[in-house]
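Read the numbers this way: they start at 1 and go in the same order the structure lists the ligands and their atoms. Keep in mind that what you see is a predicted model, and the values were worked out from it rather than measured. These values consider heavy atoms only, across backbone and side chains, with no hydrogens, waters or symmetry-generated copies.
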Amino acid sequence: MSSLQKQDKKIYDLIQKEAARQSDGLEMIPSENHSSKAVREASGSILTDKYSEGYPGMRYYGGCKYVDEVENIARERAKKLYGVTHANVQPHSGSPANQAIYYALVDPGDTIMGMALAFGGHMTHGLKVNFSGTYYNSVQYTTNKDGFMDYEAIYELAQEHKPKLIMSGTTAYPRIIDWTKLREIADSVGAWLAADISHISALVVSGDHPDPAGVVDVIMSTTHKTLRGPRGAMILCNGNESNPLKKPERTRENLPSLIDRAVIPGLQGGPHNHQTAAIAVALGEALQPSFKEYAHQIVLNSQTLSKELIKHGFNLVTGGTDNHLMVVDLNNKGISGKEGEHALSMAGITVNKNTVPFDPRPPYDPSGIRLGTPALTTRGMKEAEMKQVALWIKDAVAHAKDEDYLKKLHQQITIFAKDFPLPQ
Ligand code: DSN
């Protein structure tokens with residue numbers, strides 16, 4: 001019997017139920033994945049007990065000999081994987097990492113530009129109710145009517161508003177992002193360019209998507225999405241060796257120091273050393289050749305799934321996908337995104353409701369759903385399984401109001417899922 005089971009059965013039981021929910025169903029929220037047991041062991045380790053404010057070799061606490069080594073390994077692996085000279089692996093997650101980027105490069109009241117959440121951006125890319133839209137003068141770009149990024153419109157908006165920083169990257173955009181065009185736009189107004197690659201991190205590593213390193217000024221990636229690590233984030237850049245003890249001028253060469261000072265003392269206290277260790281383990285996994293195969297398979301699976309869904313009469317935003325996710329407009333199916341999410345969940349397929357471009361419905365009950373293939377790919381599913389999954393999605397949506405039908409579907413899916421165990 002585990003210590004947790006003995007000491008706190010309520011929490012233990014809930015964790016077991018969640019484990020069963022994950023393994024008996026299909027996790028298709030594109031920002032989720034199944035981390036390895038090694039990642040989870042590091043994340044659940046004794047390192048959670050250690051304080052270490054500062055950076056390796058310059059801490060404000062004693063006893064940091066080993067956590068220094070852990071953080072250095074994580075930083076070196078991140079630099080190697082993404083081809084940059086500097087990596088900060090301390091941000092607790094994506095939102096604080098983006099906060100650190102703004103804090104490093106612009107001042108409150110300055111104009112920033114990012115993609116609107118309702119068109120596939122993220123809250124921290126300038127949503128009015130988020131800190132990024134409150135403390136900064138946020139200008140939001142959208143997509144064209146077909147859901148594609150419109151670089152000419154972004155250029156025009158930049159000329160009109162002269163942002164000091166453009167935050168690029170997306171959370172619900174199924175197409176390749178042209179970093180070079182965004183660089184040209186940023187340069188035309190003298191803006192910093194940041195890329196939030198959280199969603200497509202593994203696809204950048206595998207070369208399935210263009211690499212923003214060397215094109216943008218700063219890259220942010222969470223570590224728990226396609227990258228398949230623990231919850232956490234990294235900020236990557238190039239420049240002179242960091243000296244977080246001295247306030248630097250805002251120049252490209254000083255980016256490492258600017259970012260490090262923004263994370264601590266600017267924003268955070270102690271790093272989460274257990275997460276840093278787990279990030280190091282995940283980065284070690286991502287440096288293996290098999291990781292590129294996994295990442296490439298995510299795209300193959302996603303493209304197969306999208307083509308099958310189109311065959312079954314679904315409307316996909318942009319008409320398909322280049323990456324790990326797709327946004328399905330359910331308007332022609334007579335149900336809302338919320339109803340779609342609920343029906344699929346009853347059948348054991350976990351997705352999330354999502355707005356579609358120019359959505360006539362409200363964000364809490366939008367027209368679409370967002371789904372993706374990273375977690376299914378981790379379980380070893382390939383194109384043949386995607387065809388089956390597309391059929392189940394079609395059936396669940398067609399019987400969205402029939403609870404008995406959905407429960408039976410769940411039973412079938414559970415039997416199927418047993419052949420694809422979660423990582424051990
Ligand atoms: N919440 C994440 C997502 O689901 O895409 C973004 O941070």
Nitrogen or oxygen contacts under 3.5 Å, ligand 1 side and protein side:
from     : atom 1 : to     : atom 2 : distance (Å)
ligand 1 : 4 (O)  : Ser31  : OG     : 2.7
ligand 1 : 4 (O)  : Arg370 : NH2    : 2.8
ligand 1 : 5 (O)  : His199 : NE2    : 2.6
ligand 1 : 5 (O)  : Arg370 : NH1    : 2.9
ligand 1 : 7 (O)  : His122 : NE2    : 3.0

May I ask you to check whether Phe119 and Phe358 place their ring centres under 6.0 Å from each other?
yes
Parallel, tilted or perpendicular: which one describes the rings of Phe416 and Phe420, with boundaries at 30° and 60°?
tilted
Do the rings of Tyr102 and Tyr136 sit parallel, tilted or perpendicular, given the 30° and 60° boundaries?
tilted
Between Lys311 and Glu308, does at least one N-O distance fall below 4.0 Å, as a salt bridge requires?
yes
SB check Arg183 Asp217 (cutoff 4.0 Å)
yes
Strictly distance-based, threshold 3.5 Å: is any side-chain N or O of Thr124 a donor or acceptor partner for the main-chain N or O of Ser95?
no
